[in-house]
Amino acid sequence: MSTFRQIYYQIVFSTKKRKPVLLTEHEEDLYKYIWGVVKNKNCRLYRINGMPDHIHLLIDLHPSVSLSSFVKDIKISSNIWIKQNGLFPDFEEWQSGYGAFTYSVREKDMIVNYIKNQKEHHQHESFEDEYKNLLRSHGIDFDEKYLW
């Protein structure tokens, strides 16, 4: 019998101290690099986008890959890549931690559009409010002193 699964995660992580250092003119280069990391992990990237201080990904996580090692690998390799190519001169590193939220196949298109429209979305809501709302809407208890 074959193994079947569908594991959609929206993964969100920010730059250290949420500094707005991911320059818009080079974000596509960063997203292409991260897409390569995702692909090398046998995972599928449905959408990536972000703002100068954070990134969202919607991925299908392969069952052979743990979520924590997946995010760690993306952050470590992209951190090295960013520092080597100099496209984001003020980038220090990624913030420790991340958010990961699961979705059903019925919600996939909605989340793809949500990530696609990050720039428009953040004209009306800060990253801090967005992140807290994601945590609340997924029933995750949190203490604000540990968020930032």
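On a predicted model such as this, the values are computed, not experimentally measured, just so you know. We count residues from 1, following the sequence as given.
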Minimum heavy-atom separation for Val105 and Gln6, please, with both atom names. N-OE1, 3.9 Å
Can you get from Val65 to Tyr8 by hopping between Ile, Leu, Val, Met, Phe, Trp and Tyr side chains that sit under 4.5 Å apart? no
Rounded distance (nearest 0.5 Å) linking atom CZ of Arg18 with atom CZ of Phe13: 15.5 Å
For Tyr31 and Ile55, indicate whether the former's side chain and the latter's backbone hold a donor-acceptor pair under 3.5 Å. no
Could you name each residue pair satisfying salt bridge (Lys or Arg N to Asp or Glu O under 4.0 Å) that touches residues 92-104, not counting sequence neighbours? Lys16-Glu93, Lys19-Glu92
Would you indicate whether Arg5, at its atom CZ, is surrounded by more than 12 heavy atoms from other residues, nucleotides or ligands within a distance under 6.0 Å? yes
Taking the side chain as every heavy atom from C-beta outward, state whether Asn133 and Glu125 have any atom pair closer than 4.5 Å. yes
Measuring from atom CD1 of Ile74 to atom CH2 of Trp35, what distance do you get when rounded to the nearest 0.5 angstrom? 13.0 Å
I want to know whether Tyr9 and Phe70 have ring centres closer than 6.0 Å. no
More than 12 heavy atoms of other residues, nucleotides or ligands under 6.0 Å from CG of Asp143: yes or no? yes
Quick one: closest heavy-atom pair of Trp94 and Ser78, and the distance? NE1-OG, 2.9 Å
Do any N or O atoms from the side chain of Glu107 and from the backbone of Ser104 form a donor-acceptor pair under 3.5 angstrom? yes
Is a side-chain donor or acceptor of Tyr103 paired with a backbone partner of Met110 at a separation under 3.5 angstrom? no
Check the pair Arg47, Gln118 against side chain to side chain contact (heavy atoms under 4.5 Å, CB included), reporting the backbone distance first and the verdict last. CA-CA 11 Å; Arg47 191 70 195 185; Gln118 276 292 291; over 6 Å; no
Straight-line distance of Gln123 CD to His121 NE2, nearest 0.5 Å: 11.0 Å
Transitive ILVMFWY side-chain link Leu58 to Ile48, under 4.5 Å: no
Hey, is the main chain of Cys43 close enough, under 3.5 Å, to the side chain of Asp60 for a donor-acceptor pair? no
Does any pair with a residue in residues 71-85 pass salt bridge (Lys or Arg N to Asp or Glu O under 4.0 Å), and if so which ones, sequence neighbours excluded? Lys41-Asp73
How about Lys108: does its NZ atom have over 12 heavy atoms from other parts shown lying under 6.0 Å from it? yes
Linking I/L/V/M/F/W/Y whenever any side-chain heavy atoms sit under 4.5 Å apart, do Met51 and Leu134 land together? no
Show your reasoning for whether side chain to side chain contact (heavy atoms under 4.5 Å, CB included) applies to Glu25 and Leu87. CA-CA 9 Å; Glu25 59 265 27; Leu87 295 177; over 6 Å; no
Separation of Lys32 NZ from Leu30 CG (nearest 0.5 Å): 11.5 Å
Check Ile115 against Leu57 and note the closest heavy-atom contact, atom names and distance. CD1-C, 3.8 Å
Might you confirm whether atom CH2 of Trp81 has over 12 heavy atoms from other residues, nucleotides or ligands at distances under 6.0 Å? yes
ILVMFWY network linking Phe91 to Val71, side-chain heavy atoms under 4.5 angstrom: yes
When the ring planes of Phe101 and His138 are compared, do they come out parallel, tilted or perpendicular, using 30° and 60° as the limits? tilted
Indicate whether any N or O donor in one side chain lies under 3.5 Å from an N or O acceptor in the other, for His54 and His122. yes
If I compare all heavy atoms of Ser66 with all of Ser69, which pair ends up nearest, and what's the gap? OG-OG, 2.7 Å
Hydrophobic cluster identity match, Leu135 and Ile11, side-chain contacts under 4.5 Å: no
For residues Leu67 and Leu61, determine if any side-chain heavy atom of one lies less than 4.5 Å from a side-chain heavy atom of the other. yes
Heavy atoms, side chains only, cut-off 4.5 Å: are His56 and Val12 in contact? yes
If we only count heavy atoms from C-beta on, is the Asp90 to Pro20 side-chain gap below 4.5 Å? no
Check which hydrophobic residues are tied to Ile80 through side-chain heavy-atom contacts below 4.5 Å, counting indirect links as well, and list them. Ile76
